[in-house]
Enquirer: 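Below is a structure I'd like to ask you about.
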2 protein chains.
Amino acid sequence: MEKNAQAMANRSCIIRLSRYKNALNRLKSLNFVRVFSDNLADAAGVTAAQVRKDFSLFGITGNRRGGYKVDDLSDQLNKILGKDQLQEVVVIGVGNIGRALLHYPGFDRSGISIAAGFDIDPAKYHPDGQPPVLPLEQLAEAIRARDVRLAILAVPDYAAQQVLELTLSAGIKGVLNFAPICLKAPGGCVVTNINLETELENLIYFVNATSDRN
Amino acid sequence: MEKNAQAMANRSCIIRLSRYKNALNRLKSLNFVRVFSDNLADAAGVTAAQVRKDFSLFGITGNRRGGYKVDDLSDQLNKILGKDQLQEVVVIGVGNIGRALLHYPGFDRSGISIAAGFDIDPAKYHPDGQPPVLPLEQLAEAIRARDVRLAILAVPDYAAQQVLELTLSAGIKGVLNFAPICLKAPGGCVVTNINLETELENLIYFVNATSDRN
DNA sequence: TAGATTGTTAATCGATTAACAATC
DNA sequence: TAGATTGTTAATCGATTAACAATC
């Protein structure tokens with residue numbers, strides 16, 4: 001085991017790291033120099049112990065009595081979250097959702113670049129667009145040419161598993177899936193499912209459960 | 001405490017319930033009559049004990065030896081998830097994401113109806129559209145007239161907290177938030193945040209963490 | 001009846017929180 | 001130095017899993 005080998009954090013932990021990072025960006029723009037675990041805890045809605053525990057998992061240390069340097073901490077979190085380099089992503093399926101993501105302004109602001117969109121419908125092709133929309137047959141070539149590792153999948157459910165396999169064989173390592181089907185990911189690749197129907201069902205349950213307690 | 005008062009399930013549990021429900025729909029269309037906890041576990045990617053434990057939390061019982069009746073079970077899960085009635089939702093903010101959700105075909109198929117979209121930009125108004133896009137000023141009136149309880153928020157981050165408060169004061173009980181900011185929900189209302197940037201940061205971390213272990 | 005599956009209790013596991021010695 | 005905050009260990013909490021008696 002190497003000295004700097006780290007335990008793999010879980011999803012909740014990484015979501016907290018994103019929140020700390022966002023809070024730090026705000027502090028940075030306000031010219032803060034130092035920050036305490038207490039402040040970050042408030043900003044992220046967790047306990048100060050949780051913050052310190054999360055940092056210790058990644059070997060991030062501060063100064064007893066002096067807290068953490070905003071700049072250093074920000075750099076370290078950015079590196080963990082891949083914000084230290086431009087992340088190129090392809091969007092597969094240029095329907096409702098795919099088209100929205102292709103032009104989502106929030107990505108630009110956060111170091112994420114949509115390299116291209118892909119579809120099987122010639123009516124969607126727009127090779128001169130910004131980003132371009134290309135035939136699905138050009139996916140593998142485009143991914144390899146630019147060494148893209150991330151894909152957003154926004155195809156119909158019946159096509160999703162097949163397109164996933166195509167995508168992975170082209171070299172994609174991580175997929176954000178919007179198709180309403182729970183995809184099976186082979187080892188060595190990461191798939192996160194966002195299912196809008198499930199999210200609303202969740203909301204409905206908790207709305208009912210909350211108002212039922214009389 | 002009432003006899004049929006149930007412990008509040010957590011989010012993970014409800015996500016599993018959605019998966020069981022989806023698996024049951026498939027079995028139903030294949031004319032299956034009975035199903036065992038084992039089958040549902042496979043379909044949802046969990047253990048059989050987990051399935052039975054989840055059911056017991058909701059007082060759902062089967063038949064020792066005979067498993068569960070597909071129809072009955074489906075009805076019970078549908079009721080918990082609000083699928084026994086049409087769920088009306090408003091979409092606030094008709095930008096990239098909002099427009100995509102306004103016309104997302106997956107909602108129709110799953111008993112979710114978009115009542116209307118709302119925006120402050122007159123260029124977006126389209127009162128005769130299907131669904132209509134109306135001025136934000138008409139939000140409260142429209143929500144009350146149709147007794148809508150759910151909203152999807154897809155406005156810019158700087159507007160999100162203010163629009164959330166407007167939405168809640170109009171009577172909305174549950175909000176699915178796409179604005180990249182962690183909204184504070186007052187008690188008695190439920191807010192679920194979907195942050196695309198955070199989702200991609202998660203993916204990036206796990207892609208790196210997976211490929212780093214050499 | 002014999003056999004298979006449920007429903008539930010107890011054991012395990014992992015994540016969060018509390019506490020406090022180390023130290024700046 | 002005295003005081004405040006970290007880093008880490010131990011305690012707590014909650015969720016998942018295993019096991020098995022009940023029973024169809």
Side-chain angles (χ1 to χ4, degrees), chain A residues 3-4 6-20 23-24 27 32-74 76-77 80 202 205-206 209, chain B residues 3-4 6-20 23-24 27 32-74 76-77 80 202 205-206 209:
Chain A
K3 207 170 75 190
N4 64 353
Q6 274 147 7
M8 171 103 76
N10 63 22
R11 181 175 154 84
S12 308
C13 176
I14 303 301
I15 290 175
R16 289 193 301 269
L17 255 47
S18 285
R19 291 204 184 143
Y20 305 151
L24 282 167
L27 292 176
F32 276 62
V33 173
R34 301 191 156 276
V35 63
F36 301 118
S37 57
D38 205 23
N39 309 135
L40 289 170
D42 286 347
V46 299
T47 65
Q50 180 79 271
V51 173
R52 297 198 300 274
K53 186 91 190 187
D54 287 340
F55 288 174
S56 95
L57 185 61
F58 289 93
I60 295 175
T61 59
N63 183 309
R64 288 180 208 245
R65 183 84 182 81
Y68 305 84
K69 280 189 198 162
V70 171
D71 277 353
D72 285 359
L73 188 51
S74 171
Q76 289 180 84
L77 293 179
I80 292 167
N202 236 278
Y205 168 76
F206 285 107
Chain B
K3 207 170 76 189
N4 63 352
Q6 273 146 8
M8 172 103 77
N10 63 23
R11 180 175 156 86
S12 308
C13 177
I14 303 301
I15 290 174
R16 289 194 300 269
L17 255 47
S18 286
R19 291 204 184 141
Y20 306 151
L24 281 167
L27 291 176
F32 275 63
V33 174
R34 301 191 156 278
V35 63
F36 300 118
S37 56
D38 204 24
N39 309 134
L40 289 169
D42 286 346
V46 299
T47 65
Q50 179 78 272
V51 174
R52 298 198 299 273
K53 186 92 189 185
D54 286 341
F55 288 173
S56 96
L57 185 61
F58 289 94
I60 295 174
T61 59
N63 183 311
R64 288 182 208 243
R65 183 86 182 79
Y68 305 84
K69 280 189 198 163
V70 171
D71 278 353
D72 286 0
L73 189 52
S74 171
Q76 290 180 85
L77 294 180
I80 293 166
N202 236 277
Y205 168 76
F206 285 107

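Keep in mind the model is a prediction, meaning the values are calculated, not measured. Each chain gets a letter, A, B and so on, in the order its sequence line appears, and its residues count up from 1.
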Enquirer: Return the set of residues passing side chain to side chain donor-acceptor pair (under 3.5 Å) with B:D54 (not counting sequence neighbours), or none when no residue passes.
Expert: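 B:D54: side chain to side chain donor-acceptor pair (under 3.5 Å) contacts with B:R16, B:Y20.
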
Enquirer: Atom CD of A:Q50 and atom OG of A:S37: how far apart are they, to the nearest 0.5 Å?
Expert: 11.5 Å

Enquirer: Heavy atoms within less than 4.0 Å of DNA chain C: which residues of residues 37-54 of chain B have one? Give them sorted by number.
Expert: B:S37, B:R52, B:K53

Enquirer: Report yes if a side-chain nitrogen or oxygen of B:R16 is closer than 4.0 Å to either non-bridging phosphate oxygen (OP1 or OP2) of D:dT16; otherwise report no.
Expert: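 Yes, B:R16 has a side-chain N/O under 4.0 Å of OP1/OP2 on D:dT16.
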
Enquirer: In whole Å, what is the span from the CG atom of B:L57 to the C1' atom of D:dT16?
Expert: 13 Å

Enquirer: Answer yes or no: is there a side-chain heavy-atom contact under 4.5 Å between B:F55 and B:T61?
Expert: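 The answer is no; the side chains never approach within 4.5 Å.
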
Enquirer: Give the rounded distance in Å between these two atoms: CZ of B:R34 and P of D:dC24.
Expert: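 About 13 Å, once rounded to whole Å.
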
Enquirer: Looking at A:R11 and B:F206, what are the two nearest heavy atoms and their distance?
Expert: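 Closest pair (atom of A:R11, atom of B:F206, distance): N-CZ, 3.7 Å.
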
Enquirer: Do any side-chain nitrogens or oxygens of B:N63 fall under 4.0 Å of OP1 or OP2 in C:dT5?
Expert: no

Enquirer: Can you tell me the distance, in whole Å, between the CZ atom of A:F36 and the C1' atom of D:dT6?
Expert: 11 Å

Enquirer: Can you tell me how far C1' of D:dA15 sits from CD1 of B:I14, to the nearest Å?
Expert: 14 Å

Enquirer: If I take atom CG from residue A:L24 and atom CG from residue A:L40, how far apart are they, to the nearest 0.5 angstrom?
Expert: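 Reported value, rounded in 0.5 Å steps: 5.0 Å.
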
Enquirer: Within this structure, what is the CZ-to-C1' distance between B:R11 and D:dA15, rounded to whole angstrom?
Expert: 16 Å

Enquirer: Let me know the distance between CZ of A:F55 and P of D:dT5, rounded to the nearest Å.
Expert: 16 Å

Enquirer: In Å and rounded to the nearest 0.5 Å, what is the CG to CD distance from A:D71 to A:Q76?
Expert: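 So the gap between those two atoms works out to 11.5 Å.
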
Enquirer: Can you tell me how far P of C:dT16 sits from CG of B:N10, to the nearest Å?
Expert: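 Whole-Å distance recorded here is 13 Å.
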
Enquirer: Applying a 3.5 angstrom cut-off to the pairing atoms, does DNA chain C sit in any stems of at least three consecutive Watson-Crick or G-U pairs? List them by first number.
Expert: C:3-24 with D:3-24

Enquirer: Would you kindly check whether a donor in the side chain of A:R64 faces an acceptor in the base of C:dT23, or vice versa, at under 3.5 angstrom?
Expert: no

Enquirer: So which nucleotide from C:dA4, D:dT6, C:dT8 ends up closest to the side chain of A:Y68?
Expert: D:dT6

Enquirer: Given 3.5 Å as the limit, does a donor-acceptor pair link the side chain of A:N39 with the main chain of A:F36, or not?
Expert: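 It does hold such a pair.
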
Enquirer: Between A:R34 and A:G66 (side chain of the first, backbone of the second, donor and acceptor by atom type, cut-off under 3.5 Å), is there such a pair?
Expert: yes

Enquirer: On a heavy-atom basis, which atom in A:A23 and which in A:A43 lie closest, and how many Å separate them?
Expert: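 Result for this residue pair: CB-CB, 3.6 Å.
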
Enquirer: Across the strands shown, which category fits A:G66 at heavy-atom distances under 4.0 angstrom: base, sugar-phosphate, nothing?
Expert: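 Since no nucleic acid heavy atom lies under 4.0 Å of A:G66, the category is nothing.
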
Enquirer: Atom CZ of A:R65 to atom P of C:dC24: distance rounded to whole Å?
Expert: 13 Å

